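Each remark here refers to the structure printed beneath this line.
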There are 2 protein chains.
Amino acid sequence: MKNDNWWCGRFRGCGYKLTVPREAILDVLSLTDKHLSAEDIYLAVHKKYPTIGLTTVYRTLDILVSIGLIYKFDFCDGRARFELAEDSKGKKHHHHLVCTNCGRIVDYTDFIDDEIELLQLTEKGLSKKYNFKITGHLIQFYGLCDKCR
Amino acid sequence: MKNDNWWCGRFRGCGYKLTVPREAILDVLSLTDKHLSAEDIYLAVHKKYPTIGLTTVYRTLDILVSIGLIYKFDFCDGRARFELAEDSKGKKHHHHLVCTNCGRIVDYTDFIDDEIELLQLTEKGLSKKYNFKITGHLIQFYGLCDKCR
DNA sequence: ATTGCTACTGAAAACCATTTTCATTAAATG
DNA sequence: CATTTAATGAAAATGGTTTTCAGTAGCAAT
Ligand SMILES: [Mn+2]
Ligand SMILES: [Mn+2]
Ligand SMILES: [Zn+2]
Ligand SMILES: [Zn+2]
């Protein structure tokens, strides 16, 4: 196990051990631009390390979400889906376009300038009015993709 | 069964029969400002009509979502939650503030005008760029409520 | 290197919200 | 009222996720 990966520091800092399954799972997530389910990840990891179990995948994903290394999404297809968080690997903050017919998901970062500005204003306003400490947001547009419309 | 409820037209228009369970379920949803789960609704309905089954609640909720009378949300507590759609009963379009600690959900309509304006711009832009026909959006802010922060 | 302490692991079983099945009942229509 | 067909409730099944538990491996101290 190499201890020089970009995420080792964050991992150790939270008191977690570095293990083969955890590294393998992070590798899979680093190398895709898709939104993988736990089973997708299990299958991908399984090719290289056939002994790693689905249970460990679920457990690792929980940890990765809790320390903010990945995001967990619900695109309403009956399973959770995961994606590397932004800072992590040259990833940009983005929102999602979801096709309600075929399930296709498009990441978009366009128009984000106006959006970011309004989001920050809204967060500030909500924060004050409802006395919430806002830590994140979820923004998804639903519709029909070019193939399904 | 009274046939003069505001939603009877919409219901019949879609080819669905008017039944006691369906009326009871809509009644429950009309009378709350909370975001109820299928089981919440089942329990509430059960007080007045103890014979109505949970299965029927699930089936009715599916229909109500499909004809746009209610919305289905996932607030990440392991079950779907439902809420009357806007036009329906003096309800206003709103977004949600979700406490990630205690699960409290706040409806907010503040800032909604600016948000709507930006949303329409964004939808138009996305529509053109990705050739999506956009039909809806989901916007939620996450954080800690006044009691949990 | 070896040890000891724990956290981590995989397999199997359990969990639990939701869906399916199927025999029965009730709504609609004329 | 009779006919048609959708709707119903109970029970069983489903399937993604979580829990249990006995064995294993990371890693800090020796
Ligand atoms: Mn994405
Ligand atoms: Mn609401
Ligand atoms: Zn599509
Ligand atoms: Zn709270």
Side-chain angles (χ1 to χ4, degrees), chain A residues 1-5 7-26 35-43 45-67 70 72-82 103, chain B residues 1-5 7-26 35-43 45-67 70 72-82 103:
Chain A
M1 162 116 25
K2 39 193 164 107
N3 280 1
D4 55 351
N5 270 317
W7 45 265
C8 289
R10 175 105 70 115
F11 224 78
R12 281 234 176 70
C14 294
Y16 294 112
K17 293 179 178 171
L18 293 172
T19 67
V20 171
R22 287 171 182 176
E23 182 173 44
I25 289 164
L26 269 168
H35 303 82
L36 302 179
S37 67
E39 195 184 3
D40 292 336
I41 295 166
Y42 165 72
L43 291 173
V45 156
H46 196 261
K47 286 180 189 157
K48 197 167 174 188
Y49 302 98
T51 65
I52 295 177
L54 182 56
T55 311
T56 295
V57 173
Y58 275 107
R59 277 188 292 231
T60 300
L61 291 171
D62 279 349
I63 291 174
L64 294 177
V65 168
S66 78
I67 64 180
I70 66 175
K72 180 179 186 175
F73 289 101
D74 168 49
F75 295 122
C76 301
D77 66 342
R79 69 207 63 201
R81 297 191 169 270
F82 301 86
Chain B
M1 162 117 26
K2 38 191 162 102
N3 280 2
D4 54 352
N5 269 318
W7 44 266
C8 290
R10 174 106 70 117
F11 224 79
R12 281 233 177 71
C14 295
Y16 293 112
K17 293 179 178 173
L18 293 172
T19 67
V20 172
R22 287 170 182 177
E23 184 173 44
I25 289 164
L26 269 168
H35 304 82
L36 302 179
S37 67
E39 195 183 5
D40 292 337
I41 295 167
Y42 166 73
L43 291 172
V45 155
H46 196 261
K47 286 180 188 155
K48 197 169 177 187
Y49 302 99
T51 65
I52 295 176
L54 181 56
T55 310
T56 296
V57 173
Y58 275 108
R59 277 188 292 231
T60 301
L61 291 171
D62 278 349
I63 291 173
L64 294 177
V65 168
S66 77
I67 63 180
I70 65 174
K72 179 179 187 175
F73 289 101
D74 168 49
F75 295 122
C76 302
D77 65 342
R79 69 208 63 201
R81 295 190 170 271
F82 301 87

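Just so it is clear: chains get the letters A, B, ... in the order the sequence lines come, proteins before strands, and each one is counted from 1. Atoms considered below: every heavy atom in the structure, side chains included; atoms not considered: hydrogens, waters and symmetry mates. All values reported here derive from a predicted model rather than from experimental measurement.
- Put simply, CD on Glu39(A) and CG on Leu54(A) are 7.0 Å apart, with the number rounded to the nearest 0.5 Å.
- Taking atom CZ of Phe11(B) as the reference point, atom P of dA27(C) lies 13 Å away to the nearest angstrom.
- Counting to the nearest Å, the C1' atom of dA28(D) and the CG atom of Leu18(A) are 14 Å from each other.
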Please write out each protein N/O paired with an N/O of nucleotides 2-5 of chain C under 3.5 Å, distance rounded to 0.1 Å.
none

Give the table of side-chain donor-acceptor pairs shorter than 3.5 Å for residues 57-65 of chain B, with sequence neighbours excluded, one pair per line with atom names and distance.
| residue | atom | partner | partner atom | Å |
| --- | --- | --- | --- | --- |
| Thr60(B) | OG1 | Thr56(B) | O | 2.8 |

Distance-only donor-acceptor pairs under 3.5 Å for side chains of residues 73-82 of chain B, two or more places apart:
| residue | atom | partner | partner atom | Å |
| --- | --- | --- | --- | --- |
| Asp74(B) | OD1 | Cys76(B) | N | 3.1 |
| Asp77(B) | OD2 | Arg81(B) | NE | 2.9 |
| Asp77(B) | OD2 | Arg81(B) | NH2 | 2.9 |
| Arg81(B) | NH1 | His35(B) | O | 2.8 |
| Arg81(B) | NH1 | Asp40(B) | OD2 | 3.4 |

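- Here the NZ-OH distance, from Lys47(A) to Tyr42(A), works out to 12.5 Å after rounding to the nearest 0.5 Å.
- Position along DNA chain D of the nearest nucleotide to Tyr42(B) versus Gly15(B) favours Gly15(B) as the more 5'-ward residue.
- Taking atom CG of Asp74(B) as the reference point, atom P of dG16(D) lies 16 Å away to the nearest angstrom.
- Candidate nucleotides dT9(C), dA28(C), dC27(D) were compared by shortest atom distance to the side chain of Thr60(A), and dT9(C) ranks first.
- In this structure, Cys8(A) SG and Glu23(A) CD are separated by 7.0 Å, a value rounded to the nearest 0.5 Å.
- Rounded to the nearest 0.5 angstrom, Ile70(A) CD1 and Ile25(A) CD1 are separated by 9.0 Å.
- Contact annotation: Arg12(A) reaches the phosphate of dC27(D) (side-chain N/O to OP1 or OP2, under 4.0 Å).
- Contacts of Lys17(B) classified as side chain to side chain contact (heavy atoms under 4.5 Å, CB included), with partners at least two apart in sequence or in another chain: Thr19(B), Arg22(B).
- In this structure, NE2 of His46(B) is placed 14 Å from C1' of dT8(D), rounded to the nearest angstrom.
- Ranked by how close their nearest DNA chain C nucleotide is to the 5' end, Tyr16(B) and Arg22(A) are led by Arg22(A).
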Margin query: Please evaluate residues Arg12(A) and Leu18(A) with respect to the criterion side chain to side chain contact (heavy atoms under 4.5 Å, CB included), reporting the C-alpha separation (whole Å), side-chain torsions for both, the decisive distance (0.1 Å), and the verdict.
Written below: CA-CA 7 Å; Arg12(A) 281 234 176 70; Leu18(A) 293 172; 3.2 Å; yes
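- Distance CD (Glu23(B)) to C1' (dA27(C)): 13 Å, rounded to an integer number of Å.
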Checklist line | Sequence-aligned protein contact record of nucleotides 13-24 of chain C, with B where the base is within under 4.0 Å of a protein heavy atom and S where only the sugar-phosphate is | finding: ----SBBBB---
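- In this structure, Phe11(A) CZ and Ile67(A) CD1 are separated by 5.0 Å, a value rounded to the nearest 0.5 Å.
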